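Quick notes on the structure that follows.
Just so it is clear, the model here is predicted, and its values are computed rather than measured.
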Amino acid sequence: MTAKKSTSEARKSAPAAKRTAAAGKKSAAPGKAAGTAAEKTAKAKKTVTVKKTADGKNAPEKTTAKKTTAKKAADKKTAGKKTAAAKKTAAPEAPAARKAESRVALVRRARRMNRELAEVYPYAHPELDFRNSFELLVATVLSAQTTDLRVNQTTPALFAAYPTPEDMAAADPEALEELIRPTGFFRAKAKSLLGLSSALRDRFGGEVPGRLEDLVTLPGVGRKTANVVLGNAFGVPGLTVDTHFGRLVRRFGWTTQQDPEKVEAEIAEIFPKSEWTMLSHRLIFHGRRVCHSRKPACGACPVAPLCPSYGEGETDPEKAKKLLKYEMGGKPGQRLRPPADFPGPPAPPLGAA
């Protein structure tokens with residue numbers, strides 16, 4: 001009786017136990033879901049997940065989003081520092097190169113450059129040694145296709161032998177050629193000197209004329225030579241469009257012309273006539289000392305901020321300083337007898353060490 005009762009009670013209690021177990025399972029489900037979310041969050045916070053390789057060693061599998069973001073930020077910061085350093089070391093861009101100019105702006109800039117060059121070269125002068133208009137005329141003819149220094153080293157002996165147009169007109173061609181041989185193209189130059197000396201003797205009474213119209217009729221004398229003589233022997237303003245002058249006015253953006261006469265005409269419209277002679281000296285000085293043909297010393301140029309061609313040459317100040325020539329580089333000038341205010345030493349005579 002007792003055994004049957006126990007069995008009956010057990011049967012009755014079984015459904016209740018099942019219900020309790022089911023309820024336990026249902027209540028455990030949310031906990032399991034919460035645990036899964038927590039695990040995912042924990043995994044996301046880890047910088048690197050690890051997996052087993054074939055040989056059983058642990059190896060990094062991938063970088064998480066946080067590490068990638070941090071790396072990008074670091075790279076951006078490094079790039080920013082590099083850019084800032086580059087900007088700090090780079091020379092400033094020339095203002096004239098950044099935008100097109102009106103005619104008025106060009107004239108103002110050109111005149112400002114001339115004023116600044118006047119401050120740099122207050123001693124600018126013709127770099128040929130001469131004592132009178134005849135010597136200047138002869139020296140200028142000889143200066144074609146050679147340096148003024150070589151002419152200055154050659155003319156002392158030349159003028160000692162032939163001091164006047166009459167003397168030179170009567171010279172033996174071979175003896176004259178030998179004296180001027182160091183200047184190059186000596187045969188053609190000797191012919192020009194004999195011709196212009198004879199013309200001065202026969203047509204102008206042994207005197208160099210003071211008019212451009214007359215000077216250009218002499219053998220070997222063009223507008224450039226005539227303007228040199230007029231500006232420096234007679235005080236008549238003129239533009240000397242030689243190689244240096246032409247190169248600089250184009251680099252400065254004052255003109256795009258190549259023909260010397262067209263260059264002369266355009267530059268004459270920019271500057272007042274009173275400035276022509278000294279402007280010529282300043283540009284020639286600057287072209288020989290700083291703004292060289294092949295490698296201009298942009299980093300040592302006093303008018304670099306106004307030059308649209310800044311950057312064609314060396315921009316590093318220390319390297320550019322080593323490119324400076326003549327007195328700007330602490331070396332002798334081109335004249336054996338320079339003016340009293342010339343800041344450099346005179347050039348040595350021909351054959352001197």
Distance in Å, [X] [atom1] paired with [Y] [atom2], rounded so as to fall on 0.5 Å steps:
{"X": "T256", "Y": "E266", "atom1": "OG1", "atom2": "CD", "value": "6.0 Å"}
{"X": "F186", "Y": "I180", "atom1": "CZ", "atom2": "CD1", "value": "8.5 Å"}
{"X": "T155", "Y": "F130", "atom1": "OG1", "atom2": "CZ", "value": "11.5 Å"}
{"X": "D214", "Y": "R203", "atom1": "CG", "atom2": "CZ", "value": "7.5 Å"}
{"X": "D172", "Y": "E178", "atom1": "CG", "atom2": "CD", "value": "11.0 Å"}
{"X": "M168", "Y": "L194", "atom1": "CE", "atom2": "CG", "value": "8.0 Å"}

I want to check something: taking the side chain as every heavy atom from C-beta on, are [X] and [Y] in contact at a cut-off of under 4.5 Å?
{"X": "Y310", "Y": "T315", "value": "yes"}
{"X": "S293", "Y": "R247", "value": "yes"}
{"X": "E116", "Y": "V303", "value": "yes"}
{"X": "E264", "Y": "Q257", "value": "no"}
{"X": "R103", "Y": "E269", "value": "yes"}
{"X": "E314", "Y": "L323", "value": "yes"}
{"X": "P345", "Y": "K331", "value": "no"}
{"X": "V290", "Y": "F285", "value": "no"}

Using modelled atom types only, decide if a donor and an acceptor are shared between the side chain of [X] and the backbone of [Y] within a distance under 3.5 Å.
{"X": "H244", "Y": "D242", "value": "no"}
{"X": "D341", "Y": "Y123", "value": "no"}
{"X": "K189", "Y": "T183", "value": "yes"}
{"X": "D148", "Y": "Q334", "value": "no"}
{"X": "W254", "Y": "I267", "value": "no"}
{"X": "R250", "Y": "F245", "value": "no"}

Flag yes if more than 12 heavy atoms outside [X] fall under 6.0 Å of its [atom1] atom; otherwise flag no.
{"X": "R150", "atom1": "CZ", "value": "no"}
{"X": "R187", "atom1": "CZ", "value": "no"}
{"X": "E166", "atom1": "CD", "value": "yes"}
{"X": "E213", "atom1": "CD", "value": "yes"}

Over all atoms of both residues, closest heavy-atom pair of [X] and [Y]:
{"X": "P346", "Y": "L336", "value": "CB-O, 3.6 Å"}
{"X": "A175", "Y": "Y162", "value": "CB-OH, 3.8 Å"}
{"X": "S197", "Y": "P165", "value": "CB-O, 3.4 Å"}
{"X": "L200", "Y": "V208", "value": "CD2-CA, 3.9 Å"}
{"X": "G220", "Y": "S192", "value": "CA-OG, 3.8 Å"}
{"X": "A199", "Y": "P219", "value": "CB-CD, 4.5 Å"}

**Item:** Y121 six-ring centre to R282 NZ/CZ under 6.0 Å and within 45° of normal
**Value:**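 Pair R282/Y121 does not count as cation-pi.
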**R201 NZ/CZ over F204 ring centroid, <6.0 Å and within 45° of normal** = no
**Request:** Quickly, which of V228, N227, L230 forms a side chain to side chain contact (heavy atoms under 4.5 Å, CB included) with L215? Name it, please.
**Result:**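 Looking at V228, N227, L230, the match for L215 under the side chain to side chain contact (heavy atoms under 4.5 Å, CB included) is L230.
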**Message:** Which residue is it: H281, R288, R335? I am looking for the one with a side chain to side chain donor-acceptor pair (under 3.5 Å) to E127.
**Reply:** R288
Joint hydrophobic cluster, [X] plus [Y], side-chain heavy atoms closer than 4.5 Å:
{"X": "L136", "Y": "F234", "answer": "yes"}
{"X": "L306", "Y": "L248", "answer": "yes"}
{"X": "M328", "Y": "F342", "answer": "yes"}
{"X": "V241", "Y": "F252", "answer": "yes"}
{"X": "I284", "Y": "W276", "answer": "no"}

**Request:** Evaluate salt bridge (charged side-chain N to carboxylate O under 4.0 Å, His left out) for E327 paired with R289, printing each intermediate quantity in order.
**Result:** CA-CA 8 Å; E327 78 283 355; R289 286 150 179 79; 2.6 Å; yes
**Message:** Go through it in stages, so that I can follow the logic: the residues are L128 and L142, the test is side-chain contact (heavy atoms from CB on, under 4.5 Å), and I'd like the CA-CA distance, side-chain angles, deciding distance and then a yes or no.
**Reply:** CA-CA 10 Å; L128 291 168; L142 291 176; over 6 Å; no
**Message:** Would you say E275 and N114 are linked by a side-chain donor-acceptor pair, where the criterion is simply a distance under 3.5 Å?
**Reply:**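 Yes, a side-chain donor-acceptor pair sits under 3.5 Å.
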